[in-house]
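These notes are about the structure you will find just below.
Counting starts at 1 for both ligands and their atoms, following the listed order.
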Amino acid sequence: MGNFADEINKRRTFAIISHPDAGKTTLTEKFLLYGGAINLAGSVKGKATARHAVSDWMEIEKERGISVTSSVLQFEYGGFCINILDTPGHQDFSEDTYRTLMAADSAVMVIDASKGVEAQTRKLFKVCVMRRIPIFTFINKMDRDANDTFELLDEIEKELGIATCPINWPIGSGKSFKGVYERESKCVITYSDTEKGTKEGQTTRIGIDEEDMLISHIGEAFKTQLLDEIDLLDGASAEYDLDRIRAGELTPVFFGSALTNFGVEIFLQHFLKMTTTPLPRKADIGLIDPVENNFSAFVFKIQANMNKAHRDRVAFMRICSGKYDASMEVKHIQGGKVMRLSQPQQIMADERKILSEAYAGDIIGVFDPGIFSIGDTLCMPKEQFQYEGIPTFAPEHFARVRQLDTMKRKQFVKGITQIAQEGAIQIFQEFNTGMEEIIVGVVGVLQFDVLKYRLENEYNVDIRLENLPYEHIRWIENKDIDLDRLTGTSDMKKIKDLKGNPLLLFVNQWSVGMTVERNKGLILSEFGRN
Ligand code: G4P
């Protein structure tokens, strides 16, 4: 095995999450710069171009200048092979953002030091907690005036319900940002604002006991303040505990400024020591160990139109165990077929690289002729098991969809079904009818525009969307339920998914509660299983 296990053990796969504008793109670019994956020197891109370079595949993204899809980037650093899963950076994010977290072993949360915890961070964080993914916090933009450090930590603890453990501690912020104090080494690392696009600049490491040096670099006042804060911190903050970090109960916190390259490499070095190698995954036959087993993978994302010229569809899968090589045959469990994956590729920035091999922890994109669905398992032909499905996240916006030209019924049904299969939208039907009336549910309202745009451009079907007032959807967990006898509130709507499973729509949380109260034994769930 030797080499093969080494390859897997050097993999680190994480997702990077933040509220828009906190600095996720900038930080990602700086990571890549350290890894030498892309050369940014002398060509630092403005936000618009940087975004386009990384993940703008669809026309609609270009039109709006936002990123709808998520991308995967790989680079090497310090003997590690790092996979970063980028998540859409717009408020109107989609279910893909959530699903990306299913393919990661840990998450890096970027927070703007002057804003603290923001809405989108909260949502993504919930999913990390559900999956117990370890979370690493990078508090960014210290070169701007920041909120009080203790208050920032307090906010993370209160709002997100996770204990914090600062690995380093900022000295000042904004114009008077002096650097960080590294708690483990008891050293101050002085701030240097490097040229954009170059690596970390000339910083000085000063031991906390080297008083004169310290005063000459950070000044008397900051030195006194720092010593006070260190005392406070040692008494008040949670102790460093790697087991708790890996269980997702404690988040290590770092401070820095991605724009000026400060604290990025320090973060990377500590982070890599604390994260895990690719983790075992749950399947119906038990946990599958990445190193002990042959190739297996699951599909977590399907993306259409990555290349307009070819009108193709790519299925992204996370390799969970073993090694993949392009010549081998694999079994698609859900389809019951043995096949060769066509054009396995890795998406690097805006380029695609055809792969000859990949290992557990890696993400590959394969050409999908329309056979894969989110959550599908692939393994060796002689094996038979299925990875635990990816939950369906509750949409929060609903609309009724009507096609304008009834002659195009077939294209309409085909288009909307395919788009739903990719997981960008969820489709439902009225409880007692067929496909005449379709209700679409989405996680972010932008997906409505994506749907309309794609049906027009790819399937030549014009539609009208009529917004519905529902905001809450619940799957019914009870197996034998007589829906006709269910007594809900007057605003409740009964619908079914494409497999015929019954669901309920509600306008508000109160109605959800009332319905559960009125129907003894009724069990409702916020997550559906594929
Ligand atoms: P996002 O992916 O999380 O949405 O954020 P992104 O990296 O695009 O950063 C948002 C804005 O914040 C950008 O400015 C970026 O330059 C700036 N920024 C990122 N990190 C830092 C930092 O450490 N310090 C400071 N001062 N600014 C930072 P922009 O003006 O919106 O775009 P651009 O044209 O300057 O790129």
**OP:** For atom 23 (O) of ligand 1, state which one of Ser114, Ala258, Gly263, Ala113 supplies the nearest heavy atom.
**Re:** Ala258

Subject >> Glu76/Lys10 ion pair, N-O < 4.0 Å >> reply: yes

Original post:
Taking the inter-plane angle between the rings of His397 and Phe448 on a 0 to 90° scale, is it parallel (under 30°), tilted (30 to 60°) or perpendicular (over 60°)?
Top reply: perpendicular

Original post:
Which atoms of ligand 1 have any heavy atom of Pro20 under 4.0 Å away?
Top reply: 4 (O)

Subject >> Closest candidate by heavy atom, reference atom 19 (C) of ligand 1, pool Asn261, Thr25, Thr26 >> reply: Thr26

Sequence neighbours excluded and cut-off under 3.5 Å, please list the side-chain donor-acceptor pairs for residues 155-162, or say none.
residue : atom : partner : partner atom : Å
Glu155  : OE2  : Val117  : N            : 3.1
Glu157  : OE2  : Thr164  : N            : 2.7
Glu157  : OE2  : Thr164  : OG1          : 2.6
Lys158  : NZ   : Asp154  : OD2          : 2.9
Glu159  : OE1  : Arg122  : NE           : 2.7
Glu159  : OE1  : Arg122  : NH2          : 3.0

**OP:** Mark up the atoms of ligand 1 that fall under 4.0 Å of a heavy atom belonging to Lys24, in ascending order.
**Re:** 1 (P), 2 (O), 3 (O), 5 (O), 7 (O)

Original post:
Is the closest N or O pair between Gly23 and ligand 1 shorter than 3.5 Å?
Top reply: yes

Subject >> Ion pair Lys115/Asp21, N-O distance below 4.0 Å >> reply: no

**OP:** Can you figure out which of Ile139, Asp143, Thr28 has its heavy atom closest to atom 25 (C) of ligand 1?
**Re:** Asp143

Subject >> Those atoms of ligand 1 less than 4.0 Å from some heavy atom in Ser18 >> reply: 3 (O)

Subject >> Any N/O pair Leu27/ligand 1 closer than 3.5 Å >> reply: no

**OP:** Name all pairs fulfilling the ring-ring contact (aromatic ring centres under 6.0 Å, His included) condition that reach into residues 134-178, sequence neighbours left out, sorted by first residue then second.
**Re:** Phe136-Phe271, Phe138-Phe267, Phe150-Trp169, Phe177-Tyr191, Phe177-Phe262

Original post:
Out of Lys141, Arg144, His19, whose heavy atom sits nearest atom 18 (N) of ligand 1?
Top reply: Lys141

Original post:
Do you know the tightest heavy-atom contact between Pro395 and Gly441?
Top reply: CB-C, 3.5 Å

Original post:
Picking from Arg11, Arg318, Arg246, Arg12, what satisfies side chain to side chain donor-acceptor pair (under 3.5 Å) with Asp105?
Top reply: Arg318

